[in-house]
Structures are given as C-alpha cells and as structure tokens.
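Source: prediction; values computed, not measured. Just so we're on the same page: letters track the sequence lines, and every chain starts at 1.
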There are 2 protein chains.
Amino acid sequence: MPRAGITADRLVTAAVELADEAGFENVTLSALARRFGVKDASLYSHVKNLQDLRTRMALRAGGELIDRIAAAVAGRAGKDALAAFAGAYRAYALEHPGRYAATQIRIDQSLLADSPALRRTAEITYGMLRAYGLDEPDLTDAVRLLRATFHGYCVLEAGGGFGAPRDVQQSWNRAVDALHTALTHWPREENDHPHE
Amino acid sequence: MPRAGITADRLVTAAVELADEAGFENVTLSALARRFGVKDASLYSHVKNLQDLRTRMALRAGGELIDRIAAAVAGRAGKDALAAFAGAYRAYALEHPGRYAATQIRIDQSLLADSPALRRTAEITYGMLRAYGLDEPDLTDAVRLLRATFHGYCVLEAGGGFGAPRDVQQSWNRAVDALHTALTHWPREENDHPHE
DNA sequence: GGCTTTTTCCTAGAGCCCCTAGGTGAAGTC
DNA sequence: GACTTCACCTAGGGGCTCTAGGAAAAAGCC
C-alpha cells in the first residue's frame with residue numbers, strides 16, 4: 001500500500017486549515033488522520049502529541065501574522081504605522097480565526113525564546129512606537145496597552161461579543177484613533193497615588 | 001443508599017470552584033461526578049449537557065463580576081469611577097481565572113437576552129462614561145474600546161503573555177490613565193479618511 | 001400510616017478522543 | 001541485493017460525552 005507522504009510541516013498546514021474551517025479546539029489528531037486517510041496513531045511519528053501540534057500551529061500562525069503586519073507597516077511611521085499595524089492585525093484575526101486562536105495559546109517559554117517571530121514582533125512594535133518618543137518603562141506599558149486592546153478587540157468581535165448595530169470597522173477606526181491620542185498625550189509620571 | 005443531594009445550583013457552584021482550581025477547560029462532567037461521589041451519567045438529570053453547564057457557569061460568573069464592579073464603582077464618577085471599574089474587573093479575573101474564563105465563552109443570544117447581569121453591565125458601563133460627555137455612536141465605540149482593553153489585558157496577563165520584568169500593576173495603572181486620556185480627548189468626527 | 005408519583009441515581013453501552021507498544025512493509029543507502 | 005531507517009499498521013487502555021432504560025429514595029396525597 002502506498003504511503004500518504006506526511007511530514008510535520010504538511011501536518012501543521014492541514015491543521016491550521018482545519019482550525020480556520022472548524023475552529024481551533026476542533027483540531028484533533030483523529031480528524032487530521034482522517035483527512036490524510038491514515039490511522040490516528042500514525043501521526044505520532046511526526047508530532048509528539050496534541051500539545052506539540054498546537055505549539056507548532058501557534059508558531060506557524062504567529063509567523064504569518066507578523067509577516068503581514070511587517071508588510072503593512074513597512075515605510076510608514078506615526079499614526080499611519082499604527083493604523084497599518086492595527087488593520088493588518090485585525091484582518092488576519094478575522095480572515096483566519098482558527099490560526100489566530102492558535103496564537104493565543106500558552107507556549108513554553110523555552111520554545112518561544114528562540115522563535116524569530118517573537119523577536120520580529122518586538123522589533124516592529126517598538127519601532128512603530130518610536131515616533132511617540134516614549135522611554136522605558138512607558139514603552140513597555142504602551143506595548144502592553146496596544147497588545148491588550150488589539151487582542152481583546154479581535155477576540156470579542158470574533159466571539160460575537162459586539163451586539164450593538166454600530167459598524168465594527170468604524171468602531172475599530174475610532175479605537176485606533178483613541179490609542180493614537182493616548183500615545184500622543186501619554187500620562188507622564190504624574191500622580192500615581194491621587195490625593196484622596 | 002443515601003442520595004448526594006445534587007441540584008443544578010450546587011453543580012454550578014462546584015463547577016466554578018473546579019474551574020478556578022484546575023482551569024475552565026478541565027471542568028468535566030466526569031470530574032464533577034467524582035467530586036460528588038456519583039456516576040457521571042447521573043448529572044444529566046440536573047444539566048442538559050456540557051454546554052448547558054458551561055452556559056450556567058458563564059451566567060454565574062458574569063453576575064459575580066458585575067456585582068463586584070458595581071460595588072466598586074458606586075458613588076464614584078469620572079476617572080475615579082473608571083479606575084474603580086478597571087480595578088474590580090482585573091481583580092476578579094486574577095482571583096478567579098476559571099470563572100473569568102467562563103465569562104468569555106460564546107453564549108446563545110436568546111439565553112443572554114433576558115440575563116439581568118448583561119443589563120446591569122450595560123447600565124453601569126454607560127453610566128460610568130456619562131462624565132466624558134460622549135454621544136452615540138461614540139459611546140458605543142468607547143464601550144467597545146474599554147471592554148476590549150480590559151479583557152485583552154486580563155487574558156494576556158493570566159496567560160503569562162507579559163514577559164518583561166515591568167510590574168504589571170503599574171502598567172495597568174498607566175493603561176487606565178491612558179484610556180482616561182483617550183476618553184477625555186475623544187477623537188471627534190475629524191478625518192475618517194486621512195488625505196493620503 | 002399506605003399509596004402513587006416524581007425525582008435521583010444507577011448500569012450498560014456506544015462513540016470519539018489521546019496515546020503507547022510493538023510489528024510490517026516501503027523507501028532510501030551501500 | 002542486503003541493510004537501515006522510517007512511515008504506517010494493529011491492538012489496546014483509559015478518559016470523556018451522552019442516551020436508554022431500570023430501581024430506589026423522596027415527596028405528595030388520601
């Protein structure tokens with residue numbers, strides 16, 4: 001009997017496709033084996049276990065995401081760069097919900113440490129913020145704010161959390177405007193303990 | 001043989017406790033049955049299925065969350081109210097990660113529609129924003145921005161997403177300050193299409 | 001108290017999933 | 001052609017969800 005010709009890469013490719021179609025939590029080794037016309041036990045030659053597969057999916061998707069962001073941000077600065085970053089981020093999350101969900105999972109730090117995607121993400125994010133003239137620790141605070149807002153927005157939108165009839169794209173534009181405002185008027189060291 | 005005395009409410013109570021201890025996705029009907037000293041099939045008298053249980057958990061946790069927020073916000077306005085809201089939100093998410101995770105799941109709109117928790121949440125959120133003098137649709141945009149940021153922040157923090165040594169509490173305070181700034185200088189109808 | 005009804009819990013079993021152990025045959029290496 | 005490697009196999013254990021149908025406790029009724 002001929003072989004299916006499975007490799008870890010092809011497996012991950014099929015996995016992220018399945019994630020976008022059926023949802024990340026429905027990506028199962030059994031389902032993938034079925035898709036390849038193979039018994040599920042056979043996949044353990046290519047992948048250690050389910051967690052291993054998910055980690056690979058996360059790294060794949062994370063790389064794709066930062067590639068698209070990098071392409072969008074290239075050659076822009078200031079608010080223009082912020083809007084491009086935000087747009088690329090949200091577009092990826094909406095086009096590839098399963099892949100995006102994969103990027104959210106908790107990953108062993110040791111595996112993540114030498115991931116080029118993580119380093120590129122940091123470079124691009126901090127580079128984008130350069131225009132706002134922030135120094136540490138404000139820079140880290142700003143990065144966290146942006147990540148949280150982008151991520152939270154996409155999660156809520158994808159999960160159907162925005163029930164109001166207001167168009168989400170317009171809301172999103174406003175949110176990006178608001179973040180730009182916040183970065184421009186970044187609260188500098190004033191009163192951490194308001195005099196109450 | 002005596003009965004365990006299970007009710008749907010006691011089941012949900014045990015479920016959210018288990019969620020905080022072992023993680024939301026590890027809350028299983030089998031595990032709950034074990035905890036009650038009962039066979040798993042017995043639980044289907046009290047709960048329709050796993051999804052039903054999760055929905056009940058979400059409603060329970062959502063109610064608890066908005067109760068704590070309401071208590072924190074009571075009697076405050078403006079930035080004070082915003083900080084109290086944010087603090088109560090994050091505290092709940094960190095103290096009860098499993099319960100908080102339960103609030104994130106997708107819930108059938110028809111079930112959610114007549115949930116008092118949702119109505120209260122809307123009331124309190126919009127009430128808190130009254131001080132900033134926004135009108136629709138900016139109000140909705142602002143609510144979405146706040147929800148997204150709070151939610152994203154808590155998810156990232158709980159998931160270990162903030163690796164930098166910077167103290168998260170201080171970053172959070174800054175994020176709240178930044179949101180206050182954004183709400184105060186809310187971008188009003190300027191240029192939706194920047195002249196590029 | 002007895003009687004009936006309802007409810008709670010049971011056993012049995014099907015189906016899907018993850019994962020391990022150990023075997024077989026196909027593809028490359030010399 | 002023999003040898004090694006590796007892709008895939010069967011067999012099987014264990015966990016989970018959920019259904020169907022039965023038994024016994026609890027609650028309601030006289």
Quiz prompt | Interatomic distance where NE2 belongs to H46(B) and C1' belongs to dC10(C) [whole Å] | solution = 13 Å

Quiz item: So how far is it from E17(B) CD to R35(B) CZ, rounded to the nearest 0.5 Å?
Solution: 7.0 Å

Quiz item: Say you draw a straight line from NE2 of H180(A) to NE2 of H185(A); how long is it, rounded to the nearest 0.5 Å?
Solution: 8.5 Å

Exercise. Please round to the nearest 0.5 Å and tell me the distance separating atom CG of L53(B) and atom CG of L43(B).
Key: 8.5 Å

Quiz item: Rounded to whole angstrom units, what separation is found between the CG atom of L18(B) and the P atom of dC16(D)?
Solution: 11 Å

Quiz item: Given atom OH of Y44(A) and atom C1' of dG22(C), what is their separation to the nearest angstrom?
Solution: 17 Å

Exercise. First locate atom CZ of R147(B), then atom CG of L156(A), and finally report the distance between them rounded to the nearest 0.5 Å.
Key: 5.0 Å

Practice problem: Might you work through the side chain to side chain donor-acceptor pair (under 3.5 Å) test for S110(B) and D108(B), ending with a clear yes or no? | Solution: CA-CA 5 Å; S110(B) 60; D108(B) 189 6; 2.9 Å; yes

Practice problem: Could you identify which residues of residues 24-37 of chain A place a heavy atom less than 4.0 Å from some atom of DNA chain C, listed by residue number, or say none? | Solution: T28(A), L29(A), S30(A), R34(A)

Self-check item: Whole-Å distance separating the CG atom of L53(A) from the C1' atom of dC17(C)
Solution: 14 Å

Quiz item: Separation of K39(B) atom NZ from dT11(C) atom P, in whole Å?
Solution: 5 Å

Practice problem: Measure the distance from CG on N49(B) to P on dC18(D) and round it to the nearest whole Å. | Solution: 5 Å

Quiz item: Taking atom C1' of dC16(D) as reference, at what distance in whole Å does atom CG of L43(B) sit?
Solution: 13 Å

Quiz item: Can a side chain N or O of S42(A) be found less than 4.0 Å away from OP1 or OP2 on dC9(D)?
Solution: yes

Exercise. Among the candidates dT19(D), dT17(D), dC9(C), find the nucleotide nearest to the side-chain atoms of A41(B).
Key: dT19(D)

Quiz item: Ring centroid separation for F24(B) and Y100(B), is it under 6.0 angstrom?
Solution: no

Exercise. Could you check how far CG of D40(B) sits from C1' of dG13(C), rounded to whole Å?
Key: 12 Å

